[in-house]
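Reminder, nothing fancy here: chain letters follow the sequence lines and each chain counts from 1.
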Amino acid sequence: MDNILTINALTKNYGRIRALDGFDLEVNKGVVFGLLGPNGSGKTTTLSILLDIVKPDRGSFRWFEEPPSHHSRKRIGATLEYPVFYPYLSAVRNMKIIARIKEKPFGDFEEILKLVGLYDRKDDKFRTYSMGMKQRLAIASALIGNPEVLILDEPTNGLDPQGIADIRNLVIRIANEGKTIILASHLLDEVQKMCSHVAVLKRGKRLFAGPVGEVLVVADTIELAAADMKMLTETLIGFRGVRDIRREGEYLTARLDKGVLPEDVNKYLASQGVVLSHLAMRKRSLEEQFLELLKEGE
Amino acid sequence: MIRLLKIEWEKVRSYRAFWVMTGLYLFMLFSVIFGLPAFLDYLASHAGNDETLKAVKSIVFNFPDIWQNIAYVAGMRGFIKIILAIIVVIFISNEFTLLTIRTNILNGMSRTEFLIAKLEFVFLLALLSTFIVFLSGLYLGLNNSPVTNLSAILGKIQFLPAYFLEVFTYLIFALLIGTLVKKTGFSVILLLLYIIIEPIIQNYLPDSFHKYLPLNAMNGVIWSGNTSYLQIKTPEINISLQQYISWGDAGICFSYAVLFTVILYFYLKRKDL
Ligand SMILES: Nc1ncnc2c1ncn2[C@@H]1O[C@H](COP(=O)(O)OP(=O)(O)OP(=O)(O)O)[C@@H](O)[C@H]1O
Ligand SMILES: [Mg+2]
């Protein structure tokens, strides 16, 4: 597969704070890559380094299998943190500056502005925009000149529900055209809906990376109870498919390894002569799963 | 080159503050240049002996001295050219305060290109200023100078490139302050304060060192006006007036232009934006 981006052991310190700590990543062509992590985990720092806004202390990266330069950045459309434009200029004037920097024609402005729903206000000054409109202009500016790669840092920040749905559909549509997209978010749900691959960041370190289907499936938890809780515990420890056995009130909880089903546990316990009085799956919300995922990386 | 200028042009073309300040600068420049002969006329009309004062006007605006006199007045330290420097300081520090430098860089401008764009921009401002001084000098000279032959007109024309060098260097200095300070208000204040600070520093330094201080260097290429009349008529008065542009003075000023540019280059190259 064609490699679009390779990151090698990036480290960045802000004084005492280590924002990035030996971060590695590979992104292939046509992938929608999610950078997932809680606030302050280093997502924006990573993207800033990739766009030459911030200089790393150590490590390197390559765009399009070339050493990074401003030429490679012209092939990338990006939004970073919050929208930054010349406040005294209109959307169109701001976009002209960007198109000139990227050496791209102005021809696609109308289409882009309609796409992000900003066409009616295109000639108003940026400073008169609402937060959501500013965010829409940021996305519009990233689309100028039909770039090969899109970098979106929290793209749905500040948008209303309609705006969020629009942007998500837009991202999915652009992805279907075969573009590569790198999306930073602290919302698991957003990453799950839009991304094919994900890297989970915490305190500047990569916890996991891989296809969304593999990384974001967190082991499920079961609750068990039996007349003899002590024997249940001892027997369960002998079973290879569970981890983290704990006593929680009147139940025992345990986490299932990947591919292990509750009935497998039941069968094993029965074969060892333990009869369960209670067996239940705990369904967790996505956010709980995310928190657990982060805990797992400790 | 042209691409970068077009980008800078898009940034200022509908920036009201820029045009207001530029308008103010041009107004001041014209007022000073054209106010001077009007002032002399005024003196002449109120003096009993009209003849002498009428003569003064043609002496100050005599070719070729007029180039030196007009360039000296337009380029005096802390005078009208400060407005041009304030425009530049606001223009560059805004890029840092508003964070728009990030938008420039992440979309594919290199950090070096960012610097080149700003240098081109201040080059054009300095050129515009020089051009106005040239046109005004030509107009005033042709109207007031007793001699208007070509060799007289071109006589001290080297004071124009010298004026350009002083203004250009001063505007690069403004770029440097705006970049290092970043906050628009503070950088304007520092630019103004420095006019007072440098003479204070100068007090503690030996005389021979004075001309190497930045502001002195940027105002030392043209350091006085002149008129051939004064020297002929009053040889007993011992005022030293500048006769020509010294390569040494121009060299010191130019060195500062290079030094400021080099600092800007390495600073922008390394810094987180
Ligand atoms: N300019 C800066 N100066 C000092 N510390 C900084 C700076 N920028 C970021 N940091 C620190 O670096 C760490 C990573 O920040 P970063 O902005 O990359 O996080 P993030 O993952 O984008 O978070 P969020 O979800 O809130 O956007 C944080 O601890 C932050 O405080
Ligand atoms: Mg962030």
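- When the shell of 6.0 Å around CZ of B/F34 is examined, it contains more than 12 heavy atoms from other residues, nucleotides or ligands.
- Residue with the most contacts toward chain A among B/R16, B/R270, B/K6: B/K6 (heavy-atom pairs, distance under 4.5 Å).
- In this structure, B/F18 places its CZ atom where more than 12 heavy-atom neighbours from other residues, nucleotides or ligands lie under 6.0 Å away.
- Counting only heavy atoms from C-beta outward, the side chains of A/L80 and B/L106 approach each other to under 4.5 Å.
- Counted within 6.0 Å of CD on A/E111, heavy atoms from surrounding residues, nucleotides or ligands total 12 or fewer; the atom is thus considered open.
- Listed in order of number, the residues of residues 81-90 of chain A that approach chain B to under 4.5 Å between heavy atoms are A/E81, A/Y82, A/V84, A/F85, A/Y86, A/P87, A/Y88, A/L89.
- The side-chain heavy atoms of B/I105 and A/I53, taken from C-beta on, include a pair separated by under 4.5 Å.
- In this structure, A/F106 places its CZ atom where more than 12 heavy-atom neighbours from other residues, nucleotides or ligands lie under 6.0 Å away.
- Contact annotation for A/K12: only side-chain heavy atoms (C-beta onward) come within less than 4.5 Å of a heavy atom of chain B.
- Proximity of a side-chain donor or acceptor of B/D272 to a complementary backbone N or O of A/K55 within less than 3.5 Å is detected.
- Proximity to chain B among residues 92-101 of chain A is limited to A/R93, A/K96, A/I97, A/I98, A/R100, A/I101, judged by heavy-atom separations below 4.5 angstrom.
- Top candidate by heavy-atom pairs under 4.5 Å with chain A, chosen from B/R111, B/M109, B/E10, B/E113, is B/R111.
- Atom OH of A/Y14 has more than 12 heavy atoms from other residues, nucleotides or ligands within 6.0 Å.
- Listed options B/K271, B/R13, B/E8, B/R102 were ranked by heavy-atom pairs under 4.5 angstrom with chain A; first place goes to B/R13.
- With chain B as partner, the option from A/I49, A/L50, A/D52, A/L47 having the largest number of non-hydrogen pairs under 4.5 angstrom is A/D52.
- No part of B/N94 comes within reach of chain A, as not one of its non-hydrogen atoms sits under 4.5 angstrom from that chain.
- The greatest number of non-hydrogen atom pairs below 4.5 Å with chain B, out of A/K102, A/K125, A/E103, A/R73, is found for A/R73.
- More than 12 heavy-atom neighbours from other residues, nucleotides or ligands sit within 6.0 angstrom of NZ on A/K74.
- The neighbour count for B/Y194 OH, taken as heavy atoms of other residues, nucleotides or ligands under 6.0 Å away, is above 12.
- Remark: B/F27 CZ is loosely packed, at most 12 non-hydrogen atoms of other residues, nucleotides or ligands lying under 6.0 Å away.
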